[in-house]
2 protein chains.
Amino acid sequence: MLAIGTLARRTGTKVQTIRYYEEIGLMPEPGRSRGGQRRYASGDLDRLAFIRHARQLGFTLEAIRELLGLADNPERSCAEVDAIARRRLHEVEARLARLEALGTELRRMIGECRHDRVADCRVLEVLQDHAECLTDHDRPQA
Amino acid sequence: MLAIGTLARRTGTKVQTIRYYEEIGLMPEPGRSRGGQRRYASGDLDRLAFIRHARQLGFTLEAIRELLGLADNPERSCAEVDAIARRRLHEVEARLARLEALGTELRRMIGECRHDRVADCRVLEVLQDHAECLTDHDRPQA
DNA sequence: CTTGAACCTACAGTTGCTGGAGGTCCTATC
DNA sequence: GATAGGACCTCCAGCAACTGTAGGTTCAAG
């Protein structure tokens, strides 16, 4: 039986985060020692590793909850799993496009700055006037 | 004198967000009508437009607070403004690199899926085992 | 003068954790 | 068997940057 700190170390998760996952029902309520400390089985370790890995790939906790739910029905088609992953890919691609536009705009802004008085700063001028922007960069979310 | 809703419409900001900016000291406390409603001058509109534009470029409210403070000293060097913008550019570039790795991983994962039973789903397998990943994708933050 | 859209305050909720306070348990060593 | 100190416990507050709601007031057009 594994203590919570062991799970934390093995998955690179903070102890509080594991308790948080339990609170929101992503991790099961584990057994307890006589003194009331959490004791995990190795299946719990796998589940946590899955969650963490999916988080690293940017899946939301809601998406992960769905994925875990789907994984419980091994005989069903994995079309839904696929759909969730594709949705995530589309998000990533959309975000990439936006971030690229942002990067372009920032580089241009910085490149035009002659580094003298604030009064003449191109960076501030561009920020003041959206019309000076060449690219679309609505709602970057990052 | 402009009502809060007018500012909101002209800058694409929610009314509550403007009140929030006031609460945290990013927007000034405006004058009030006899009945107690906020009344803005056109300078306030410019300030809000600046804030929104910087937000669209992904600057944090703290960075924007700094930029606004710097803009108040027009005779000083704009080196700090430059530094803030460069910092933001580096963030964007780092995030781009991470997102590209994520996209690659997701595409590979999805590409390998044969779309049959959940039990054999490559997407779930990859999520279960980080060792199957080719790319680094720690902490995507998006 | 009436109506209804826009405004007001105050506060709760969102996502995904993180940190702290104040106290208890576990286990290795003596 | 006692003790020390790390790991654990619960509960709660806070982060960013808003968004939404409830319950009430004001403004301006007709």
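So you know, we letter chains A, B, ... as the sequences are listed, proteins then strands, and number each from 1. Just so it is clear, the model here is predicted, and its values are computed rather than measured.
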Extract all donor-acceptor atom pairs below 3.5 Å that involve side chains of residues 118-127 of chain A and protein atoms in other chains or at least two apart in sequence.
{"residue": "Asp120(A)", "atom": "OD1", "partner": "Arg117(A)", "partner atom": "NH2", "Å": "3.4"}
{"residue": "Asp120(A)", "atom": "OD2", "partner": "Arg117(A)", "partner atom": "NE", "Å": "3.4"}
{"residue": "Asp120(A)", "atom": "OD2", "partner": "Arg117(A)", "partner atom": "NH2", "Å": "3.2"}
{"residue": "Arg122(A)", "atom": "NE", "partner": "Glu112(A)", "partner atom": "OE1", "Å": "2.7"}
{"residue": "Arg122(A)", "atom": "NH1", "partner": "Glu125(A)", "partner atom": "OE1", "Å": "3.2"}
{"residue": "Arg122(A)", "atom": "NH1", "partner": "Glu132(A)", "partner atom": "OE1", "Å": "2.9"}
{"residue": "Arg122(A)", "atom": "NH2", "partner": "Glu112(A)", "partner atom": "OE1", "Å": "2.5"}
{"residue": "Arg122(A)", "atom": "NH2", "partner": "Glu132(A)", "partner atom": "OE1", "Å": "3.0"}

*May I have the distance from Leu61(A) (atom CG) to dT18(C) (atom P), rounded to whole angstrom?*
11 Å
_Using whole Å, what does the distance between atom C1' of nucleotide dC17(C) and atom CZ of Arg52(A) come to?_
9 Å
*asked:* Check for me, please, whether Phe59(A) and Ile24(A) land in the same ILVMFWY cluster - side-chain distances under 4.5 Å, paths through other members count.
replied: yes
*For Ile4(A) and dA7(D), give me the distance from atom CD1 to atom C1', rounded to whole Å.*
11 Å
_Separation of atom CG in Leu7(B) from atom P in dC8(C), rounded to whole Å_ = 11 Å
_Do Glu100(A) and Leu96(B) have side chains that approach each other closer than 4.5 Å (heavy atoms only, starting at C-beta)?_
yes
*Does CD belonging to Glu29(A) count more than 12 external heavy atoms closer than 6.0 Å?*
no
*Would Leu26(B) and Tyr20(B) satisfy side chain to side chain contact (heavy atoms under 4.5 Å, CB included), going step by step from the backbone distance to the final call?*
CA-CA 9 Å; Leu26(B) 259 195; Tyr20(B) 169 72; over 6 Å; no
*Expressed in angstrom and rounded to an integer, what is the separation of Leu2(A) atom CG from dC8(D) atom P?*
11 Å
_Nucleic acid contacts of residues 34-45 of chain B, taken as heavy-atom distances under 4.0 Å to DNA chain C_ = Gly36(B), Gln37(B), Arg38(B)
*First locate atom CG of Leu45(B), then atom OH of Tyr40(B), and finally report the distance between them rounded to the nearest 0.5 Å.*
11.0 Å
*Quickly work out the Ile64(B) CD1 to dA17(D) P distance and round it to whole Å.*
8 Å
_It should be established whether Ser33(B) places a side-chain nitrogen or oxygen under 4.0 Å from OP1 or OP2 of nucleotide dC7(C)._
no
*Kindly determine whether Arg88(B) and Glu105(A) satisfy salt bridge (Lys or Arg N to Asp or Glu O under 4.0 Å), including the steps that lead there.*
CA-CA 11 Å; Arg88(B) 176 63 192 145; Glu105(A) 202 59 60; over 6 Å; no
*What are the two closest heavy atoms between Pro30(B) and Arg38(B), and how far apart are they?*
CG-CG, 3.5 Å
*With Thr17(B), the side chain to side chain contact (heavy atoms under 4.5 Å, CB included) member among Arg52(B), Glu22(B), Arg55(B)*: Arg52(B)
_Presence of Arg32(B) side-chain N/O under 4.0 Å of dT9(C) phosphate oxygens OP1/OP2_ = yes
*DNA chain C contacts among residues 14-28 of chain A, heavy-atom distance under 4.0 Å*: Lys14(A), Gln16(A), Thr17(A), Tyr20(A), Tyr21(A)
